[in-house]
Amino acid sequence: MSSVISGPGEPLRGVAKVPPDKSISHRSVIFGAIADGVTTVSNLLEGEDVLATIAAFRSMGVTIEGPDAGNVIINGVGRNGLEAAGCALNLGNSGTSMRLLSGLLAGQTFGSRLTGDASLQRRPMTRVVDPLTKMGARIDAVDGLPPLDIQGPADLHAIEYRLPMASAQVKSALLLAGLYASGRTTVIEPTQTRDHTERMLAGFAGATWAPAAPLKIDSQVVLSGQVLAIPGDISSAAFLLVAATLRQNSDVLLPGVGVNPTRSAVLEILRLMGADIEISQERQESSELVCDIRVRSAALQGIDVPPEFVANAIDEFPVIAIAAAGASGITRIRAASELRVKESDRIAAMVQGLTQLGIETVEYPDGMDIRGGHFTSGSVDSFGDHRIAMAFAMAGCIAAGPVEISDANNVRTSFPNFVSLMNSVGLNLEECP
Ligand code: S3P
(Lines give C-alpha, C1' and ligand atoms only; values in the text may rest on other atoms or scores of the structure.)
Protein backbone atom coordinates (compact mmCIF):
# COMPACT_ATOMS: atom_id res chain seq x y z
CA MET A 1 0.00 0.00 0.00
CA SER A 2 1.52 3.35 -0.85
CA SER A 3 -1.16 5.32 0.98
CA VAL A 4 -4.07 4.82 3.36
CA ILE A 5 -7.33 6.74 3.39
CA SER A 6 -9.00 6.86 6.78
CA GLY A 7 -12.66 7.87 6.73
CA PRO A 8 -15.21 8.43 9.46
CA GLY A 9 -16.05 4.92 10.65
CA GLU A 10 -18.42 3.30 13.11
CA PRO A 11 -17.88 3.30 16.89
CA LEU A 12 -15.15 0.73 17.60
CA ARG A 13 -16.58 -2.50 18.99
CA GLY A 14 -15.46 -6.08 19.41
CA VAL A 15 -12.31 -8.03 20.13
CA ALA A 16 -9.00 -7.28 18.43
CA LYS A 17 -5.96 -9.52 18.74
CA VAL A 18 -3.08 -7.10 18.17
CA PRO A 19 0.11 -8.34 16.46
CA PRO A 20 2.90 -9.93 18.50
CA ASP A 21 5.51 -7.74 20.16
CA LYS A 22 8.23 -6.63 17.77
CA SER A 23 10.98 -6.07 20.36
CA ILE A 24 10.45 -9.46 22.00
CA SER A 25 10.16 -11.23 18.62
CA HIS A 26 13.59 -9.90 17.53
CA ARG A 27 15.19 -11.02 20.78
CA SER A 28 13.67 -14.51 20.58
CA VAL A 29 15.32 -15.03 17.19
CA ILE A 30 18.68 -13.61 18.32
CA PHE A 31 18.94 -15.65 21.51
CA GLY A 32 17.46 -18.74 19.86
CA ALA A 33 20.14 -18.56 17.14
CA ILE A 34 23.10 -18.43 19.54
CA ALA A 35 21.71 -20.85 22.14
CA ASP A 36 22.58 -24.54 22.33
CA GLY A 37 19.65 -26.63 21.14
CA VAL A 38 16.26 -25.87 19.70
CA THR A 39 14.11 -22.84 20.52
CA THR A 40 10.45 -22.90 19.56
CA VAL A 41 8.58 -19.64 19.36
CA SER A 42 4.84 -19.22 19.02
CA ASN A 43 3.06 -16.00 18.08
CA LEU A 44 6.19 -14.46 16.51
CA LEU A 45 5.58 -11.18 14.68
CA GLU A 46 5.73 -11.80 10.93
CA GLY A 47 6.46 -8.14 10.22
CA GLU A 48 9.23 -7.10 7.85
CA ASP A 49 11.59 -6.01 10.64
CA VAL A 50 11.57 -9.41 12.34
CA LEU A 51 11.77 -11.19 8.97
CA ALA A 52 14.96 -9.17 8.36
CA THR A 53 16.44 -10.49 11.61
CA ILE A 54 15.50 -14.05 10.63
CA ALA A 55 17.06 -13.61 7.17
CA ALA A 56 20.27 -12.28 8.72
CA PHE A 57 20.68 -15.38 10.91
CA ARG A 58 19.89 -17.68 8.00
CA SER A 59 22.72 -15.96 6.09
CA MET A 60 24.98 -16.76 9.04
CA GLY A 61 24.22 -20.49 8.88
CA VAL A 62 21.30 -20.82 11.32
CA THR A 63 18.49 -23.14 10.24
CA ILE A 64 15.16 -21.52 11.05
CA GLU A 65 11.88 -23.25 10.15
CA GLY A 66 8.89 -20.99 9.55
CA PRO A 67 7.45 -18.59 10.36
CA ASP A 68 4.25 -20.53 9.84
CA ALA A 69 1.21 -18.86 11.42
CA GLY A 70 3.60 -17.30 13.94
CA ASN A 71 5.37 -20.56 14.77
CA VAL A 72 9.14 -20.72 14.36
CA ILE A 73 11.69 -23.40 15.15
CA ILE A 74 15.22 -22.09 15.57
CA ASN A 75 18.01 -24.65 15.50
CA GLY A 76 20.51 -22.85 17.70
CA VAL A 77 24.15 -23.06 16.60
CA GLY A 78 25.61 -22.22 20.01
CA ARG A 79 27.39 -19.03 21.00
CA ASN A 80 30.38 -19.70 18.73
CA GLY A 81 28.51 -21.37 15.88
CA LEU A 82 27.62 -18.41 13.65
CA GLU A 83 29.33 -18.31 10.24
CA ALA A 84 30.33 -15.32 8.11
CA ALA A 85 27.52 -14.29 5.76
CA GLY A 86 28.58 -14.30 2.14
CA CYS A 87 27.20 -10.78 1.65
CA ALA A 88 26.06 -7.68 3.51
CA LEU A 89 23.23 -8.25 5.99
CA ASN A 90 20.36 -6.06 4.82
CA LEU A 91 18.25 -5.16 7.84
CA GLY A 92 15.67 -3.13 5.94
CA ASN A 93 13.99 -0.52 8.13
CA SER A 94 14.93 -2.16 11.42
CA GLY A 95 17.01 -0.13 13.87
CA THR A 96 16.58 -2.84 16.50
CA SER A 97 18.13 -5.47 14.20
CA MET A 98 21.05 -3.24 13.31
CA ARG A 99 21.89 -2.09 16.81
CA LEU A 100 21.46 -5.47 18.51
CA LEU A 101 23.35 -7.31 15.77
CA SER A 102 26.19 -4.78 15.88
CA GLY A 103 26.80 -5.82 19.50
CA LEU A 104 26.48 -9.53 18.79
CA LEU A 105 28.64 -9.46 15.65
CA ALA A 106 31.32 -7.22 17.19
CA GLY A 107 32.34 -10.28 19.20
CA GLN A 108 32.64 -12.84 16.38
CA THR A 109 35.73 -14.33 14.76
CA PHE A 110 34.56 -13.05 11.35
CA GLY A 111 33.72 -9.65 9.90
CA SER A 112 30.23 -8.46 8.89
CA ARG A 113 28.68 -5.62 6.94
CA LEU A 114 25.30 -4.33 8.16
CA THR A 115 23.14 -2.18 5.94
CA GLY A 116 19.50 -1.17 5.50
CA ASP A 117 16.98 0.99 3.69
CA ALA A 118 17.21 4.77 3.18
CA SER A 119 15.60 5.50 6.60
CA LEU A 120 17.92 3.12 8.46
CA GLN A 121 20.94 4.61 6.67
CA ARG A 122 20.10 7.98 8.26
CA ARG A 123 19.93 6.64 11.82
CA PRO A 124 22.75 7.38 14.28
CA MET A 125 25.04 4.43 15.00
CA THR A 126 27.77 6.28 16.94
CA ARG A 127 25.79 5.41 20.04
CA VAL A 128 26.69 1.73 19.53
CA VAL A 129 29.99 2.14 17.67
CA ASP A 130 31.58 4.24 20.46
CA PRO A 131 31.05 1.84 23.39
CA LEU A 132 31.74 -1.24 21.24
CA THR A 133 35.03 0.37 20.12
CA LYS A 134 35.88 0.92 23.80
CA MET A 135 35.38 -2.84 24.23
CA GLY A 136 37.97 -3.47 21.49
CA ALA A 137 35.67 -3.85 18.45
CA ARG A 138 36.77 -2.44 15.10
CA ILE A 139 33.79 -0.90 13.31
CA ASP A 140 33.87 1.49 10.35
CA ALA A 141 30.86 3.74 9.85
CA VAL A 142 31.24 6.87 7.73
CA ASP A 143 29.90 9.86 9.74
CA GLY A 144 28.52 7.39 12.30
CA LEU A 145 25.89 6.16 9.84
CA PRO A 146 25.21 2.73 8.29
CA PRO A 147 26.51 0.71 6.60
CA LEU A 148 28.54 -0.65 9.50
CA ASP A 149 31.67 -2.61 8.63
CA ILE A 150 32.59 -4.80 11.57
CA GLN A 151 36.12 -6.21 11.31
CA GLY A 152 36.95 -9.68 12.59
CA PRO A 153 38.35 -11.47 14.44
CA ALA A 154 37.45 -9.57 17.58
CA ASP A 155 39.14 -9.56 20.95
CA LEU A 156 36.64 -7.84 23.22
CA HIS A 157 37.15 -6.90 26.84
CA ALA A 158 34.56 -5.87 29.40
CA ILE A 159 33.95 -2.20 30.17
CA GLU A 160 31.76 -0.29 32.57
CA TYR A 161 29.57 1.95 30.42
CA ARG A 162 27.20 4.72 31.45
CA LEU A 163 24.70 5.19 28.62
CA PRO A 164 24.48 8.85 27.56
CA MET A 165 20.87 8.38 26.39
CA ALA A 166 17.93 6.16 27.36
CA SER A 167 18.17 3.41 24.75
CA ALA A 168 17.24 -0.25 25.10
CA GLN A 169 18.86 -0.93 21.74
CA VAL A 170 22.26 0.37 22.88
CA LYS A 171 21.93 -1.39 26.25
CA SER A 172 21.08 -4.65 24.47
CA ALA A 173 23.97 -4.29 22.00
CA LEU A 174 26.40 -4.00 24.91
CA LEU A 175 24.91 -6.95 26.77
CA LEU A 176 25.21 -9.07 23.61
CA ALA A 177 28.83 -7.93 23.10
CA GLY A 178 29.42 -8.70 26.79
CA LEU A 179 28.69 -12.37 26.04
CA TYR A 180 31.92 -12.37 23.99
CA ALA A 181 34.11 -10.05 26.12
CA SER A 182 36.66 -11.14 28.68
CA GLY A 183 35.61 -10.04 32.15
CA ARG A 184 32.30 -8.65 33.38
CA THR A 185 30.57 -5.95 31.32
CA THR A 186 28.60 -3.36 33.30
CA VAL A 187 25.91 -1.12 31.81
CA ILE A 188 24.40 1.82 33.68
CA GLU A 189 21.23 3.42 32.29
CA PRO A 190 20.24 7.07 32.88
CA THR A 191 16.65 5.85 33.27
CA GLN A 192 15.30 2.34 32.95
CA THR A 193 14.35 1.32 29.42
CA ARG A 194 12.51 -1.77 28.20
CA ASP A 195 14.09 -4.80 29.81
CA HIS A 196 13.13 -7.58 27.37
CA THR A 197 16.79 -8.46 26.71
CA GLU A 198 17.55 -8.93 30.38
CA ARG A 199 14.44 -11.04 30.96
CA MET A 200 15.10 -13.24 27.94
CA LEU A 201 18.80 -13.58 28.72
CA ALA A 202 17.92 -14.82 32.20
CA GLY A 203 15.49 -17.37 30.71
CA PHE A 204 18.05 -18.69 28.20
CA ALA A 205 20.65 -18.85 31.00
CA GLY A 206 18.28 -20.90 33.18
CA ALA A 207 18.19 -18.18 35.82
CA THR A 208 15.23 -16.51 37.50
CA TRP A 209 14.94 -12.97 36.24
CA ALA A 210 15.34 -10.25 38.84
CA PRO A 211 15.71 -6.52 38.14
CA ALA A 212 19.25 -5.22 38.60
CA ALA A 213 20.98 -1.86 38.28
CA PRO A 214 23.69 -1.62 37.14
CA LEU A 215 23.37 -4.50 34.68
CA LYS A 216 26.21 -6.99 34.55
CA ILE A 217 27.00 -9.73 32.05
CA ASP A 218 29.73 -12.39 31.97
CA SER A 219 31.08 -14.22 28.96
CA GLN A 220 30.70 -17.51 30.87
CA VAL A 221 26.89 -17.54 30.52
CA VAL A 222 25.57 -20.75 28.94
CA LEU A 223 22.44 -20.28 26.78
CA SER A 224 20.03 -23.19 26.19
CA GLY A 225 17.11 -23.37 23.76
CA GLN A 226 13.72 -22.30 25.15
CA VAL A 227 10.01 -22.57 24.45
CA LEU A 228 8.69 -19.02 24.07
CA ALA A 229 5.30 -17.40 23.45
CA ILE A 230 5.36 -13.77 22.34
CA PRO A 231 2.72 -11.44 23.85
CA GLY A 232 0.70 -8.88 21.87
CA ASP A 233 2.51 -5.62 21.20
CA ILE A 234 1.46 -2.73 23.46
CA SER A 235 2.86 -0.34 20.84
CA SER A 236 0.34 -1.69 18.30
CA ALA A 237 -2.44 -1.84 20.91
CA ALA A 238 -1.88 1.87 21.56
CA PHE A 239 -3.48 2.80 18.22
CA LEU A 240 -6.70 1.06 19.20
CA LEU A 241 -6.58 2.46 22.73
CA VAL A 242 -6.54 5.98 21.32
CA ALA A 243 -9.07 5.45 18.51
CA ALA A 244 -11.57 3.72 20.84
CA THR A 245 -11.13 6.46 23.44
CA LEU A 246 -11.73 9.26 20.96
CA ARG A 247 -14.58 7.69 18.94
CA GLN A 248 -17.83 7.94 20.91
CA ASN A 249 -19.68 4.77 21.97
CA SER A 250 -16.66 2.52 21.49
CA ASP A 251 -15.89 -0.55 23.58
CA VAL A 252 -13.02 -2.82 22.52
CA LEU A 253 -11.29 -5.78 24.16
CA LEU A 254 -7.61 -6.43 23.37
CA PRO A 255 -6.66 -9.90 24.64
CA GLY A 256 -3.10 -11.02 25.42
CA VAL A 257 -1.22 -7.70 25.38
CA GLY A 258 2.25 -7.42 26.95
CA VAL A 259 2.26 -4.91 29.81
CA ASN A 260 5.84 -5.16 30.99
CA PRO A 261 6.13 -2.11 33.31
CA THR A 262 9.12 -0.83 31.30
CA ARG A 263 6.91 -0.69 28.18
CA SER A 264 3.44 0.26 29.33
CA ALA A 265 3.66 3.94 30.34
CA VAL A 266 1.23 4.73 27.51
CA LEU A 267 -1.48 3.29 29.78
CA GLU A 268 -0.50 5.70 32.59
CA ILE A 269 -0.36 8.66 30.21
CA LEU A 270 -3.77 7.95 28.67
CA ARG A 271 -5.29 7.35 32.11
CA LEU A 272 -3.90 10.68 33.34
CA MET A 273 -5.68 12.25 30.37
CA GLY A 274 -8.95 10.58 31.44
CA ALA A 275 -9.03 7.37 29.37
CA ASP A 276 -11.20 4.47 30.52
CA ILE A 277 -8.80 1.52 30.40
CA GLU A 278 -9.43 -1.67 32.34
CA ILE A 279 -6.84 -4.39 32.85
CA SER A 280 -7.82 -8.00 33.60
CA GLN A 281 -6.43 -11.55 33.57
CA GLU A 282 -2.88 -10.45 34.43
CA ARG A 283 -0.52 -13.37 33.93
CA GLN A 284 3.14 -14.17 33.39
CA GLU A 285 4.13 -15.73 30.02
CA SER A 286 7.74 -16.42 28.98
CA SER A 287 8.99 -13.99 31.69
CA GLU A 288 6.72 -11.17 30.48
CA LEU A 289 3.60 -9.70 32.10
CA VAL A 290 0.54 -10.14 29.88
CA CYS A 291 -3.11 -9.09 30.32
CA ASP A 292 -6.39 -8.36 28.55
CA ILE A 293 -7.18 -4.67 28.06
CA ARG A 294 -10.68 -3.23 27.71
CA VAL A 295 -11.02 0.34 26.47
CA ARG A 296 -14.18 2.43 26.26
CA SER A 297 -14.75 5.94 24.94
CA ALA A 298 -13.92 8.79 27.28
CA ALA A 299 -13.42 12.55 27.14
CA LEU A 300 -9.73 13.43 27.43
CA GLN A 301 -8.03 16.46 28.98
CA GLY A 302 -4.60 17.81 28.05
CA ILE A 303 -1.76 17.12 30.50
CA ASP A 304 1.91 17.87 31.01
CA VAL A 305 3.32 14.41 30.23
CA PRO A 306 5.46 13.44 33.25
CA PRO A 307 9.06 13.17 32.00
CA GLU A 308 9.57 9.94 33.93
CA PHE A 309 7.06 8.25 31.57
CA VAL A 310 8.84 9.24 28.37
CA ALA A 311 11.35 6.37 27.98
CA ASN A 312 8.72 3.73 28.69
CA ALA A 313 6.27 5.11 26.12
CA ILE A 314 8.81 6.26 23.54
CA ASP A 315 7.23 4.50 20.54
CA GLU A 316 3.70 5.60 21.46
CA PHE A 317 4.20 9.38 21.17
CA PRO A 318 2.87 9.64 17.60
CA VAL A 319 -0.50 8.25 18.75
CA ILE A 320 -0.34 10.05 22.11
CA ALA A 321 -0.12 13.23 20.01
CA ILE A 322 -3.36 12.20 18.27
CA ALA A 323 -4.98 11.66 21.70
CA ALA A 324 -3.75 15.13 22.72
CA ALA A 325 -5.28 16.66 19.58
CA GLY A 326 -8.64 15.08 20.50
CA ALA A 327 -8.43 16.23 24.17
CA SER A 328 -9.58 19.53 25.65
CA GLY A 329 -6.78 21.94 26.55
CA ILE A 330 -3.05 21.74 25.96
CA THR A 331 -0.79 18.69 26.21
CA ARG A 332 2.91 19.38 26.72
CA ILE A 333 5.49 16.73 25.74
CA ARG A 334 9.12 17.42 26.73
CA ALA A 335 12.36 15.49 27.45
CA ALA A 336 11.62 13.46 24.32
CA SER A 337 14.41 14.49 21.91
CA GLU A 338 14.98 10.76 21.17
CA LEU A 339 11.83 11.04 19.03
CA ARG A 340 13.93 12.95 16.49
CA VAL A 341 16.11 9.91 15.71
CA LYS A 342 13.46 7.23 15.18
CA GLU A 343 12.32 5.89 11.78
CA SER A 344 11.61 9.58 11.05
CA ASP A 345 12.00 12.78 13.05
CA ARG A 346 8.76 12.08 14.88
CA ILE A 347 8.49 15.53 16.48
CA ALA A 348 8.72 17.27 13.10
CA ALA A 349 6.47 14.68 11.40
CA MET A 350 3.69 14.97 13.99
CA VAL A 351 3.85 18.76 14.17
CA GLN A 352 3.61 19.00 10.37
CA GLY A 353 0.76 16.49 10.02
CA LEU A 354 -1.27 17.87 12.95
CA THR A 355 -0.92 21.40 11.58
CA GLN A 356 -2.13 20.19 8.18
CA LEU A 357 -5.21 18.75 9.88
CA GLY A 358 -6.03 22.03 11.63
CA ILE A 359 -4.51 21.32 15.05
CA GLU A 360 -2.46 24.04 16.77
CA THR A 361 1.02 22.90 17.78
CA VAL A 362 4.27 24.44 18.96
CA GLU A 363 7.50 22.56 18.22
CA TYR A 364 10.35 22.40 20.75
CA PRO A 365 13.78 20.76 20.37
CA ASP A 366 12.72 18.02 22.80
CA GLY A 367 8.98 17.83 22.29
CA MET A 368 5.82 19.72 21.37
CA ASP A 369 2.72 21.44 22.73
CA ILE A 370 -0.58 20.33 21.22
CA ARG A 371 -3.82 22.26 21.72
CA GLY A 372 -6.86 19.97 21.48
CA GLY A 373 -9.23 20.82 18.63
CA HIS A 374 -11.05 19.28 15.69
CA PHE A 375 -9.31 17.40 12.88
CA THR A 376 -10.13 18.70 9.43
CA SER A 377 -10.05 16.48 6.37
CA GLY A 378 -6.69 16.52 4.58
CA SER A 379 -3.48 14.80 3.48
CA VAL A 380 -0.44 14.09 5.61
CA ASP A 381 2.98 12.63 4.90
CA SER A 382 4.10 9.72 7.09
CA PHE A 383 7.74 10.20 5.99
CA GLY A 384 7.89 6.44 5.47
CA ASP A 385 7.47 5.91 9.23
CA HIS A 386 5.05 3.12 10.20
CA ARG A 387 4.05 4.67 13.52
CA ILE A 388 3.39 8.12 12.01
CA ALA A 389 1.22 6.51 9.32
CA MET A 390 -0.81 4.44 11.80
CA ALA A 391 -1.21 7.37 14.21
CA PHE A 392 -2.75 9.61 11.52
CA ALA A 393 -5.00 6.74 10.40
CA MET A 394 -6.54 6.96 13.90
CA ALA A 395 -7.26 10.68 13.40
CA GLY A 396 -9.49 9.80 10.43
CA CYS A 397 -12.17 8.23 12.65
CA ILE A 398 -13.02 11.57 14.29
CA ALA A 399 -12.02 14.00 11.51
CA ALA A 400 -14.49 16.18 9.58
CA GLY A 401 -13.73 14.12 6.46
CA PRO A 402 -11.24 11.59 5.10
CA VAL A 403 -7.57 11.78 6.06
CA GLU A 404 -5.12 10.51 3.45
CA ILE A 405 -1.74 9.29 4.65
CA SER A 406 0.97 8.91 2.02
CA ASP A 407 4.08 6.71 2.06
CA ALA A 408 2.49 4.09 4.33
CA ASN A 409 4.24 0.94 3.05
CA ASN A 410 6.32 0.54 6.19
CA VAL A 411 3.22 -0.26 8.26
CA ARG A 412 4.19 -3.81 7.27
CA THR A 413 7.34 -3.60 9.41
CA SER A 414 5.36 -3.87 12.66
CA PHE A 415 1.62 -4.36 11.91
CA PRO A 416 1.14 -6.52 8.79
CA ASN A 417 -2.67 -6.83 9.17
CA PHE A 418 -3.23 -3.20 10.19
CA VAL A 419 -5.99 -2.32 7.73
CA SER A 420 -7.99 -5.55 8.10
CA LEU A 421 -7.75 -5.65 11.92
CA MET A 422 -8.72 -1.99 12.30
CA ASN A 423 -11.66 -2.37 9.91
CA SER A 424 -12.83 -5.49 11.76
CA VAL A 425 -13.62 -3.35 14.83
CA GLY A 426 -15.25 -0.47 12.97
CA LEU A 427 -12.58 1.80 11.52
CA ASN A 428 -12.90 2.75 7.86
CA LEU A 429 -9.46 2.37 6.28
CA GLU A 430 -8.77 1.90 2.62
CA GLU A 431 -5.42 0.83 1.18
CA CYS A 432 -4.35 2.54 -2.02
CA PRO A 433 -1.77 0.75 -4.15
C1 S3P B 1 13.57 -0.89 20.87
C2 S3P B 1 14.00 0.19 21.60
C3 S3P B 1 13.59 1.58 21.32
C4 S3P B 1 12.34 1.62 20.45
C5 S3P B 1 12.43 0.68 19.29
C6 S3P B 1 12.59 -0.75 19.77
C7 S3P B 1 14.06 -2.24 21.21
O8 S3P B 1 14.62 2.23 20.64
O9 S3P B 1 12.12 2.93 20.00
O10 S3P B 1 11.26 0.77 18.49
O11 S3P B 1 13.48 -3.22 20.75
O12 S3P B 1 15.03 -2.31 21.97
P13 S3P B 1 15.83 3.01 21.42
O14 S3P B 1 16.66 2.00 22.07
O15 S3P B 1 16.56 3.73 20.32
O16 S3P B 1 15.13 3.94 22.36
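Counting starts at 1 for both ligands and their atoms, following the listed order. When a residue number appears, it is its place in the shown sequence, counting from 1.
Scanning the protein heavy atoms around atom 11 (O) of ligand 1, the nearest turns out to be S23 OG, 2.7 Å. The single protein non-hydrogen atom nearest to atom 6 (C) of ligand 1 is T96 OG1, 3.4 Å, given as residue, atom name and distance. Taking atom 15 (O) of ligand 1 as the reference point, the nearest protein heavy-atom neighbour is K342 NZ, 3.2 Å. The single protein non-hydrogen atom nearest to atom 1 (C) of ligand 1 is Q169 NE2, 3.6 Å, given as residue, atom name and distance.
No part of H196 comes within 4.0 Å of ligand 1, judged by heavy-atom distances. Contacts of R194 with ligand 1, taken as heavy-atom pairs under 4.0 Å, involve the side chain alone. Within the 4.0 Å heavy-atom criterion, neither part of K171 lies near ligand 1.
Remark: ligand 1 and R387 share no N or O pair separated by less than 3.5 Å (distance only, no angle test). At under 3.5 Å, a nitrogen or oxygen of A168, whether backbone or side chain, sits near a nitrogen or oxygen of ligand 1. An N or O contact shorter than 3.5 Å links D315 to ligand 1 by distance. In terms of polar-atom proximity, defined here as any N/O pair under 3.5 Å, R27 does make such a contact with ligand 1. Geometrically, ligand 1 and S172 share no nitrogen or oxygen pair separated by less than 3.5 Å.
Between D292 and R283, at least one side-chain nitrogen of the basic residue sits less than 4.0 Å from a carboxylate oxygen of the acidic one, meeting the salt-bridge criterion. Classification of R346 and D385 as a salt-bridged pair holds, one side-chain N sitting under 4.0 Å from a carboxylate O. Under the 4.0 Å criterion applied to side-chain N and carboxylate O atoms, E363 and R340 are assigned as salt-bridge partners. The existence of a salt bridge linking R122 and D117 is excluded, since no basic side-chain nitrogen approaches an acidic carboxylate oxygen closer than 4.0 Å.
In this model, no donor atom of one side chain and acceptor atom of the other lie less than 3.5 Å apart for N312 and Q192. In the model, Q151 has no side-chain atom that pairs as donor or acceptor with a side-chain atom of R138 under 3.5 Å. Inspection of the H386 and S414 side chains reveals an N or O donor paired with an N or O acceptor under 3.5 Å.
Of all atoms in ligand 1, listed by their number and element, those nearer than 4.0 Å to a heavy atom of R99 are 15 (O). For ligand 1, the atoms closer than 4.0 angstrom to any heavy atom of S167 are 13 (P), 14 (O), 15 (O), 16 (O).
The only member of R194, K22, R263 that meets salt bridge (charged side-chain N to carboxylate O under 4.0 Å, His left out) when paired with D233 is R263. Of the residues listed (L101, I139, L120), the one engaging L114 in a side chain to side chain contact (heavy atoms under 4.5 Å, CB included) is L101, and it is the only one.
Annotation for R162: atom CZ does not count as buried by contact number, only 12 or fewer foreign heavy atoms lying within 6.0 Å.
In this structure, H26 does not count as a contact residue of ligand 1, since none of its heavy atoms falls inside 4.0 Å of the ligand.
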